[in-house]
Participant: 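Dropping the structure in here first, questions after.
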Amino acid sequence: MITPAFELSQDPDFLTLVIRVPYTRTSEFDIYVDGEDFKFYAKPYFLRLTLPGRIVQDGREKASFDIDKGLFTMRVPKETAGEHFEGLQMLTSLLAPKGSRSAKPLVEDLGACGGSEAVQEGEDEEEDFDWQLEQEAYVESSEDDLKKLQKYGFGNLRTGVFSRLQEELSDVTDVEDPENSTPAMRRRNRLDAETTIFCADHYLCDLYEGEETRKVHLNFKPWWSELKPDSDQSEATVTFTDDEKEQMRKFTNRSYPLDKATRYQVWLSLVDILLAYVYDVRTTEGEHNVESAWTIRKLSGTLSWLETYHSVQEVLVSFGRRVLCYPLYRHFSLITTAVKDAAHIFQCGKACVLKCLLAVHKIFRENEPAYILNDLYITDYCIWIQRVKSKHVVALADPLRKAKLHKDHLDLELAILEEAAELVIKEEEQEEEETSSSSSEGEEEDSSSSSSSSSEGEEEDSSVPQFRDTQESGGEPEGVGFQPEPSPGALKTDVPATTSPLPQDSKRLIQELSERMEEGLRIEEDVPQTSHSSSSRKTESEAEGLGETDEPATAAGGETAKAATGGAVLETPPRKNPLRIVDVGELDSDDEDEPNP
């Protein structure tokens, strides 16, 4: 807590207290009056006085606050009218806490012999100990000391503010020692901090993802998008709310004598502040939240680093870098859109700019640490913008429209990051394609193998039947093809039967041979299967007709068998009978019991 500067005066009935509390919130004053005790609290200031007389709160007390001077004045009635309070000029004695002034130490080593009594005395001393905060009287800085300090704030008109409020303002500004930091040091430290905190993963994530959210922000229509400059007037018509009008009435009208260089810096800092405000409006869709104060002061180098700019391009580069380093949504399209919005605001005139500043003032006024920025910058801007010429405000729109801001200007190696990301994406796509192609090839191989196996099975069924073991079946030796057994129906219809019967032994041999052939052959599925007995009888009867047929009849029988099977068969060699009568000696041992012909 900071002990403020104060003065006391009196008249016969009242005690007057004047407390100097600059850069404090006007809506939060806590006052406590109880006899000789007077306590005052207005963050970050705290004052506790022990008065030489008693005062009361009976409804006659009055208080006022001068915002410009930062003076809080309070008149409190005396408990006893006409009583004179002595020693009101002894400010240090009034700050001293009431109680013992002795130099007796609070802790003493009494030894082991007096243990219980020492504990009891220690407890008594703790009860009498005054736990109130120590206060030091405020000492004004000399002019020579103030000249050594750096200047900041609106138009660089402030100095010495952070010398006593640094502990309280640590959450407001990023500058460690504003009083002794030159503008060049601030800029160098700001650039280093931005480069260090920049997160490539966050930037690439927002670049390739979150497209739907980004479209919502870019397509949002803020309140200034409906404003258009009138044809007769250079400014657009802006309507202020009752709260905004009330706030303007609270401001004190004053003039700001600024030289040319300082005035130019004030204009550029105004652009910086409006860009931060525009970004917050778009990302919150016009509904400011608890993070709005942090977002605005963090994106503005003027508010967070007490920065002073020398060109519009410097402002845009600073704003672009901070957008890609700090807020939640970090996309380059939001930067370019905010620049277009700021150009439109300046084109609409100073009334539109004032409405934006009043909105920022309200946001900071309702935030605990950021309200001090109103005293340093925003309040002065709200007063100053009302006195400038409209043509100067409108003139800022043109350089903002013509400004060219590219990713290379931000010096964050964005092009290298995007190229690396594109390479990674292409590699992933190629891997996915290879994986899908290999899986599809595997599926094709599986399907082809299954189809080939099924086709092989079909070919085995539809191909020309062959003997598995020609020696066992009693057929011809290897290398000799056999004509498949013709369809019985085809032989009956196409081959005429002979009238002269074969010898009895020949019939028997033919019958046995046909039985052997039936065991070795696999008949095609479309050829109807017949029983063993019926096929034997048919073969016997067919053999009677085949025994005496000539060569044309044999050829006709082969063609008929080929047509009946419905598939390709081995043609019968010319001048050869389709069946060959073998010698009895070539038969199996089962046939040896039969008599030789």
Side-chain angles (χ1 to χ4, degrees), residues 1-11 13-33 38-49 51 55 57 59-77 88-89 91 94-95 135 137-141 143 146 151-155 157-165 168-169 172 243-257 357-358 360-362 364-387:
M1 293 296 177
I2 299 173
T3 303
F6 65 97
E7 295 180 356
L8 286 82
S9 60
Q10 63 179 333
D11 59 30
D13 297 331
F14 290 90
L15 176 68
T16 303
L17 300 96
V18 180
I19 306 172
R20 187 171 180 269
V21 284
Y23 313 111
T24 188
R25 302 177 69 174
T26 59
S27 59
E28 294 187 1
F29 291 136
D30 292 334
I31 301 172
Y32 173 79
V33 176
F38 173 84
K39 295 179 183 179
F40 170 85
Y41 172 75
K43 189 176 182 179
Y45 300 98
F46 175 73
L47 178 64
R48 184 189 70 252
L49 300 176
L51 302 173
I55 55 177
Q57 282 183 296
R60 294 180 297 165
E61 63 275 0
K62 295 181 181 180
S64 62
F65 181 66
D66 189 339
I67 299 177
D68 298 333
K69 297 180 181 180
L71 296 179
F72 177 82
T73 305
M74 183 173 184
R75 286 173 54 86
V76 186
L88 293 180
Q89 293 80 16
L91 303 182
L94 297 178
L95 291 174
Q135 298 185 111
Y138 175 74
V139 179
E140 290 283 352
S141 300
E143 293 184 2
L146 293 177
K151 295 182 179 180
Y152 40 80
F154 176 84
L157 299 177
R158 299 288 193 275
T159 186
V161 176
F162 292 93
S163 60
R164 304 186 69 225
L165 302 180
E168 299 295 334
L169 300 184
V172 176
D243 293 339
E244 292 171 344
K245 294 177 182 178
E246 178 64 23
Q247 185 59 49
M248 283 189 286
R249 284 192 289 267
K250 292 180 180 179
F251 293 145
T252 301
N253 189 13
R254 70 182 75 170
S255 59
Y256 297 90
L357 291 172
L358 290 173
V360 176
H361 192 280
K362 181 180 179 181
F364 287 170
R365 191 170 64 245
E366 296 174 352
N367 186 265
E368 185 60 35
Y371 68 89
I372 299 175
L373 294 174
N374 284 339
D375 295 331
L376 293 177
Y377 290 98
I378 308 303
T379 300
D380 294 323
Y381 268 113
C382 291
I383 299 171
W384 172 78
I385 197 67
Q386 300 180 54
R387 301 174 63 89

Participant: Would you mind reporting whether Leu17 and Leu49 have side-chain heavy atoms less than 4.5 Å apart?
Facilitator: yes
Participant: If you define the side chain from C-beta out and look only at heavy atoms, does anything of Gln386 sit under 4.5 Å from Asn253?
Facilitator: no
Participant: For Arg254, which residues count as a side chain to side chain contact (heavy atoms under 4.5 Å, CB included) partner, sequence neighbours excluded?
Facilitator: Asp68, Thr252, Tyr256, Asp380, Ile383
Participant: Any chance you could measure Tyr371, atom OH, to Leu376, atom CG, to the nearest 0.5 Å?
Facilitator: 11.0 Å
Participant: With rounding to the nearest 0.5 angstrom, report the CG to CD1 distance, Leu358 to Ile378.
Facilitator: 10.5 Å
Participant: When rounded to the nearest 0.5 angstrom, what distance separates CD1 in Ile19 from CZ in Phe38?
Facilitator: 4.5 Å
Participant: With Phe40, which residues qualify under ring pair (Phe, Tyr, Trp, His ring centres under 6.0 Å), at least two apart?
Facilitator: Phe29, Phe72
Participant: Who passes side chain to side chain contact (heavy atoms under 4.5 Å, CB included) against Thr16, sequence neighbours left out?
Facilitator: Ser9, Val18, Thr73, Arg75
Participant: Counting only N and O atoms by type, is there a donor-acceptor contact under 3.5 Å from the side chain of Tyr377 to the main-chain atoms of Gly153?
Facilitator: yes
Participant: Judged by atom type as modelled, is there a donor-acceptor pair below 3.5 Å linking the side chain of Tyr45 to the main-chain atoms of Arg20?
Facilitator: no
Participant: Mind running side chain to side chain contact (heavy atoms under 4.5 Å, CB included) on Val76 and Ile31 for me, showing each step along the way?
Facilitator: CA-CA 11 Å; Val76 186; Ile31 301 172; over 6 Å; no
Participant: Identify, with sequence neighbours excluded, every residue that meets side chain to side chain contact (heavy atoms under 4.5 Å, CB included) alongside Lys362.
Facilitator: Arg365, Glu366
Participant: Quick one: salt bridge (Lys or Arg N to Asp or Glu O under 4.0 Å) partners of Asp375, sequence neighbours excluded?
Facilitator: none
Participant: Considering non-hydrogen atoms only, spot the tightest contact between Ile55 and Leu51 and give its length.
Facilitator: CD1-CD1, 3.5 Å
Participant: For Glu61, give me all partners under side chain to side chain contact (heavy atoms under 4.5 Å, CB included), at least two apart in sequence or on another chain.
Facilitator: Gln57, Asp58, Met74, Pro77
Participant: Mind checking what makes ring pair (Phe, Tyr, Trp, His ring centres under 6.0 Å) contact with Phe251, not counting sequence neighbours?
Facilitator: His361
Participant: Quick one: list whatever passes side-chain hydrogen bond (donor to acceptor under 3.5 Å, both in side chains) with Tyr152, sequence neighbours left out.
Facilitator: Glu179
Participant: Measuring from Glu244:CD to Cys382:SG, what's the distance to the nearest 0.5 Å?
Facilitator: 10.0 Å
Participant: With sequence neighbours excluded, tell me which residues meet side-chain hydrogen bond (donor to acceptor under 3.5 Å, both in side chains) with Asp243.
Facilitator: none
Participant: What do the steps show when you test Val21 against Leu47 for side chain to side chain contact (heavy atoms under 4.5 Å, CB included), and what is the final call?
Facilitator: CA-CA 10 Å; Val21 284; Leu47 178 64; over 6 Å; no
Participant: Can you tell me how far CG of Asn374 sits from OG1 of Thr379, rounded to the nearest 0.5 angstrom?
Facilitator: 4.5 Å
